[in-house]
Amino acid sequence: MTTVAASKRGFDIPALLAWFIVAMVMVGLFMPIFSPDIGVMDVPRLSICLVILAIAGVRYELGFMRNWIGDLILGLVTAIAAWLLISTVSDHAGEAALGFWALMAATWAASWLFVERLAIWKSSSPLAARLINLAIPTLFGFTLLVLWQLIVVGAGVPKVLLPAPSEIWIRLTTSVPILWADFQQTFLKAVLAGYFIGCGSAFVVAILVDRVPFLRRGLLPIGNLVSALPIIGVAPIMVMWFGFDWPSKAAVVIIMTFFPMLVNTVSGLAASDAMQRDLMRTYASSYWQTLFKLRLPMAMPFIFNALKINSTLALIGAIVAEFFGTPIVGMGFRISTEVGRLNVDMVWAEIAVAALAGSLFYGVVAMLERAVTFWHPSMRT
Amino acid sequence: MTALASAKDTEMVEKTNSASPNRVIDIENLSLTFETNDGPVHALSDIDLKIDEGDFVSFIGPSGCGKTTLLRVIADLEKPTAGSITVNGVSPEEARLNRAYGYVFQSSALYPWRTIAKNVALPLEIMGLSGEEQQERISRNMDLVNLSGFEKKYPWQLSGGMQQRASIARALAVEPDLLLMDEPFGALDEIVRDHLNEQLLQLWAKTNKTVVFVTHSIPEAVFLSTKIVVLCPRPGRIYDVIDSNLPRDRSLDVRETPEFLKIAHRVRDGLRAGHSYED
Ligand SMILES: Nc1ncnc2c1ncn2[C@@H]1O[C@H](COP(=O)(O)OP(=O)(O)O)[C@@H](O)[C@H]1O
Ligand SMILES: [Mg+2]
C-alpha cells in the first residue's frame with residue numbers, strides 16, 4: 001500500500017521528512033542554539049523532548065509502533081516541542097543561532113509528517129474522515145502561527161515591523177472592550193445595515209427591471225457607472241452627506257454591494273431555459289407564479305454568488321470609509337490612528353478581528369447557499 | 001370520472017352546436033414561417049386538419065418537418081402566420097388559459113429543486129387545488145406510470161426513463177381532456193416503451209381523452225392511433241392522413257395482424273414519397 005503511494009509520487013515524502021527531522025535534531029543537539037554559546041543541553045527538557053520527537057518520527061523506517069498510537073504520540077510530542085521552543089526563546093529574544101533554526105525546522109517537519117500520517121487514517125471511517133478534514137487546516141494554521149512566533153522572537157524582528165502572535169494575542173485579550181466597541185460600530189452597524197439594504201434594494205430593483213424592460217436599458221448602465229466609482233472618492237462625499245457616524249459608512253457599503261447584486265439577480269432571472277418557461281405557459285401560470293416557482297429558484301446560484309462577493313466587499317468598504325472621518329470608534333478608525341502611534345499590535349488585533357468576522361460572515365452565507373441550492377450540479381455530493 | 005367527462009361534453013355540444021359537435025381541433029389553411037437571420041423558414045404550409053373528441057392522432061415524419069411546431073401551435077406556444085385554428089371551439093390562447101390540455105415535452109423539464117412528487121404537484125399548485133386533492137392526484141398518477149416509492153427522490157437521482165415517466169405523470173395530473181405529447185417515449189428503451197404505450201392506450205380507452213402524439217416510430221404510430229398524419233418537410237405540410245380501422249381495444253399482439261402491417265406499409269410509403277419529393 002505505502003509502496004504504491006510512494007512510487008506514484010516518485011519519492012516517499014514521509015520517509016524524507018522523518019530523516020530530515022533526525023538530521024535537524026542532530027544539528028540542534030550539537031550546535032549552539034542561542035548565541036553566545038548556549039547549547040540545547042542547558043535546557044534538558046527540550047533536548048529529551050526532541051530526541052523523542054526524532055525517534056517517533058523515524059519509527060516507521062526503523063519498524064516499530066507502526067500504528068495510530070505511534071502517530072498520536074508523534075503529534076503530542078510535536079506540540080510539546082513547539083511549546084518548549086516558544087517558552088525557551090522568549091528569554092533569549094533575538095539571540096537565536098543555527099541550532100535553534102534547526103530545531104524549528106525539525107518541529108515544522110514533524111507537524112507536516114503528522115498531517116501526512118493523519119491523511120492515511122482518513123479511510124478508516126466516515127467520522128474519522130470528517131474530523132481529519134477539520135483537523136488538517138487547523139493544524140496548518142497553528143503551524144504557521146508557531147513558525148511566525150519562533151522567527152519573530154528568535155530573530156528579534158522589531159515590533160513595528162511585525163509583532164509576534166503572542167503579543168497580538170495579549171493585546172486582543174486585554175483590549176476586549178475597545179475591540180468590541182469597534183466591532184459593534186463597524187460590523188454590526190455599518191456593514192450589516194449596508195449589506196442588507198444594498199443587497200435587498202438591488203434585489204427589488206432587479207425584479208422591477210425585469211418587469212419593466214425599458215428600465216433595463218436605463219438603469220443597468222447607470223448602475224454600471226456607479227459601481228465603477230472609486231470608493232476612495234465616494235467615501236468623503238458620503239461623510240459630507242450623512243455625517244461622521246456609521247450611516248455614511250453604511251451608504252458606502254450600499255453603493256459597493258448594490259451593483260454586483262443587481263447584475264447577478266438580473267442574469268439569474270434570465271437563467272431558466274425556454275422549455276421550462278413554456279411548461280409554465282401551458283399551465284397558464286401568472287407572472288408572479290412563474291417568478292416564484294421557476295425563475296427565482298433558478299436564479300438562486302447567481303444571487304448567492306453576489307451575496308458571497310458582497311460579504312467581503314462590505315467589510316472592506318466600511319473599514320476604508322472610516323479612514324475619511326468618523327467618531328472616535330470603529331475598526332478603520334482604530335487601524336489608522338494606532339498605525340500613527342506605532343501601536344502595531346493593536347492594528348494587528350483589529351486585523352485579526354476583521355479576518356475572523358469576515359470569514360464567519362462568508363461562512364454563514366456559504367452554508368445558506370448549500371441549503372438553498374443543494375440541487376445545483378456544483379453542490380451535489 | 002367518465003360521468004364527469006360526459007357531462008362536460010354535453011355542455012360543450014350546447015355551446016358549439018354548429019357544424020360538428022365534438023370537434024376538438026379545427027385547423028384550416030394554417031401556415032407558419034419563422035423569420036430567421038438566414039431568411040424565412042417555412043415550418044408549416046397550408047395545413048388542414050380536423051381532430052374529433054376521442055381521437056388518438058399521431059404526427060409522423062422525418063425530423064424538421066414541423067411536427068413539434070404544429071403541436072406547439074395547438075398549445076399556443078407558437079402563433080401561426082396565416083390561416084385559422086380553434087381548440088375546443090375557441091382560440092388556442094383561450095384554450096390554454098382554460099387549461100384545456102396537458103403537454104408532455106420531448107425532454108422531461110423537471111425542476112431539480114423539487115422532489116418527484118413536488119414536480120407532479122407543480123401544475124396543481126398553480127391551479128390552486130386543495131392539499132388533499134393534490135395528494136390524491138399525485139399518488140394516483142405516480143402509480144399509473146409505475147413510480148410509486150420514488151416520491152421523495154429528486155429528478156437527478158433517477159434514470160432518464162423514470163424522469164420522462166414523471167413528466168407524463170405531471171401532465172396527466174392536470175386531468176385534461178386533451179393530451180399533447182411530443183415524442184414522449186423517444187428516449188426510452190423498447191420494453192419500457194411498449195409498457196407505457198399499452199398504459200397510454202388503456203388510459204385513453206377508459207377516459208375518452210383526445211390525444212395528439214408526435215413520434216417518428218412507425219409501429220408506435222400505428223399501434224396507438226385512430227388517425228395517422230404523415231408530414232413531409234420543406235415546407236412542412238401534410239402528405240397523407242390515414243384512418244386506422246384497428247379496434248379501439250387493442251393489445252400489443254395486434255402488431256402481428258395483416259391490418260396492422262397494411263397500415264404500417266402505407267405510412268412507410270408516405271414517408272418515403274415525402275422524402276423523394278425533397279431530393
Ligand atoms: N423558433 C424557431 N425559429 C426558427 N426556426 C425554427 C424554430 N423552431 C423550429 N424551427 C424550424 O422549423 C422546422 C420545423 O421544426 P420542428 O417543428 O421542430 O420539426 P420536427 O419536430 O418535426 O423535427 C425546422 O426546420 C426548424 O429548424
Ligand atoms: Mg420535434
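Chain identifiers are assigned alphabetically (A, B, ...) following the order of the sequence lines, protein sequences preceding nucleic acid strands; residue numbering begins at 1 within each chain.
In plain terms, the two heavy atoms of Met275(A) and Ala109(B) that are nearest each other are SD-CB, 3.9 Å.
When the shell of 6.0 Å around CZ of Phe374(A) is examined, it contains more than 12 heavy atoms from other residues, nucleotides or ligands. The 12-atom threshold is exceeded at CZ of Arg281(A), counting heavy atoms of other residues, nucleotides or ligands nearer than 6.0 Å. In Tyr287(A), the OH atom is crowded: over 12 heavy atoms of neighbouring residues, nucleotides or ligands sit closer than 6.0 Å. Within 6.0 Å of CD on Glu35(B) lie more than 12 heavy atoms contributed by other residues, nucleotides or ligands. Counting non-hydrogen atoms of neighbouring residues, nucleotides and ligands closer than 6.0 angstrom, the NZ atom of Lys153(B) reaches no more than 12 such neighbours.
For residues 113-130 of chain B, heavy-atom neighbours of chain A at less than 4.5 Å comprise Trp113(B), Arg114(B), Leu122(B), Pro123(B), Glu125(B), Ile126(B), sorted by residue number.
Of the listed residues (Ser107(B), Ala75(B), Pro155(B)), the greatest number of heavy-atom pairs within a distance under 4.5 Å of chain A belongs to Ser107(B).
Of the atoms belonging to Asp76(B), heavy atoms from both backbone and side chain fall under 4.5 Å from chain A. In this structure, no portion of Met300(A) lies under 4.5 Å from any heavy atom of chain B. Of the atoms belonging to Gln276(A), heavy atoms from both backbone and side chain fall under 4.5 Å from chain B.
Interatomic distance, CZ of Arg72(B) versus OG1 of Thr282(A), reported as 10.5 Å (0.5 Å rounding). Expressed to the nearest 0.5 Å, how far CG of Leu279(A) lies from CZ of Arg170(B) amounts to 4.5 Å. Note that the OH atom of Tyr283(A) and the OH atom of Tyr103(B) stand 12.0 Å from one another [nearest 0.5 Å].
Trp375(A) has its side chain out of reach of Tyr154(B): every pair of non-hydrogen atoms, C-beta onward, lies at least 4.5 Å apart.
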